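Heads up: the structure comes next, in structure tokens.
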Amino acid sequence: MLNLSSRIPLGEIAVGARLLWNLPAFLRHPISPEEARRTVRQRLDRRETDFLALVLRAIYQHAPNPYLQLLHLAGCEYGDLERLVHQEGVEGALRILYRHGVYLTVDEFKGRRPLVRGGATVAVDPDQLQNPLSGFHVRARTSGSRGAGTFVAVDLASIRDIAANECLSLDARGGIGWVHAHWSVPGGSAIIQILRFSGFGARPVHWFSQVDPASPGLHFRYRWSTRALRLGGTVAGAPLPTPQYVPLDDPLPIARWMADVLRAGGAPHLFTFPSSAVRLCRAAMDAGVDIRGAKFTLGSEPTTEARWAVVRRAGGEPAARYATVECGLIGSGCPVPDAPDDVHLFHDLHGLIPAGPDGETTGLPSRALLISSLRATAPLILLNVSLGDQAVVTQRACGCSLEQLGWTTHLHTIRSFEKLTAGGMTFLDTDVIRVLEEVLPARFGGTPTDYQLSEEEGHEGQPRVRLLVHPAVGPLDSQAVAAALLDAIGAGSGAERVMGLLWRNAGLLQVERRPPVVGASGKIQHLHVGQPDPLGAAARIAH
Ligand SMILES: [Zn+2]
């Protein structure tokens, strides 16, 4: 231990020690559904007051930060904001602020583009966006199709805040008594999710890991926090599981666990990525393992029609959720969904407005979501920030218990709108999803996660675009599948047509028969950027 400590920065030890110190009390007092309902009612009643208090303490009284400069440029002092919120409500005020330049686009938020308003350039330092009122117990890393991502410090109080919403989401599905398990990749996000469920007593019995927890390349932070979790659970008399290696290409141990629970009269519930659920369901069907009645909670990547359909085909009962590392849980699946990813927006935690027609002037799509923090426990202070996602926002009377709690706004078709590039051309994630998940499987067979575009650099940095097709799809004509992809993408509007032609003419696209690459975050992105070494990706986790 001493030997190990000498190589670990003090800051890391302090975070691990803080988690361990605070964990037993957190685990000993799980929230009940009744307490969760009361909490949410109070938050909704105090929404305007809490928002104003947060903006006052974390923005107006906490200079320097980019929002304060934007508010000054817009001529909005605290008293003006107070009047605006009282007159127009939170969202009304946010819309007016947005029209007056108080927002961050995803490029500005991620520091990819300077923040310029009315001729003035405003500096965006990621540290200034951390909530000064919030503590730090677990750190999670944001993912991105490019770049290393940034760290977000998460407090147990924030996890407890969100546990109330998780509790009510599961209760709406009749899931409080289910047998829970978690399957993802090592890191802060997995720990946070396990703690959120533990926060209302739904401690998972299994923690399946898509990466071998004994991999030598894993960052010590991961082992450190796993040990703190285990120890905290033991001290609290609320044991938490240790990670058990179940790789993506052999998910049958999970299917067998589900079948065992079902045979014993229980309801197995797995929290995982949609693409992982597809792998699992397909493996179960191929091996004849009956998982009919198994419950799935799917998040962190798009829950599309095609992915949803595979889970249903295996007899699984999926529900989507929408969460980000930056602001935690944003919405949970409606039990009577209108679309596979139809979720109720948790407006007790966040303010949310779509960019709307005003988006044209800011370069955001009209469906881009601008999110604002409302809770003093929020990890980051967000004020009209685009995280790169868009969705359809609706008010719909679904009649479910989440609606009765006051969550009446729905989001669906939640997608990233960030432009991805391959072979030097840019296109939207949404176009690629359609082709890879629907057009190609319909014509050549296989499931939505069997096709992936991979942009890799050659030895001299030249772009190489590969269409990876899983060998399990069976024999197919490579030229025909490449042509089908180019035809389908080229059928879109201007830029896509140009890209299809360019790729065809330049012979840029090659088909390769190998499994799609799993990213460092454990997700199968539709477009993989980087080197095709899944082991290397696993080793980079948490660095
Ligand atoms: Zn509903």
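Heavy-atom basis, side chains included; hydrogens, waters and symmetry copies ignored. Counting convention: from 1, in listed order, for ligands and their atoms alike. Only a predicted model underlies this, so the values are computations on that prediction, with no experimental measurement involved.
- In H100, the NE2 atom is not crowded: 12 or fewer heavy atoms of neighbouring residues, nucleotides or ligands sit closer than 6.0 Å.
- By the 4.0 Å N-to-carboxylate-O rule, D161 lies too far from R196 to be salt-bridged with it.
- Under the rule for a side-chain contact (heavy atoms from CB on, under 4.5 Å), the partners of R292 that lie at least two apart in sequence or sit in another chain are D290.
- The pair D341-R415 meets the salt-bridge criterion, since a charged nitrogen lies less than 4.0 angstrom from a carboxylate oxygen.
- Take a cut-off of 2.8 Å around the Zn ion (ligand 1): the protein N, O or S atoms inside it are C334 SG, H344 NE2, C398 SG, C400 SG.
- A salt bridge links R321 with E166: the distance from a Lys NZ or Arg NE/NH1/NH2 to an Asp or Glu carboxylate oxygen falls below 4.0 Å.
- Taking a cutoff of 4.0 Å between a charged side-chain nitrogen and a carboxylate oxygen, E438 and R443 do not qualify as a salt bridge.
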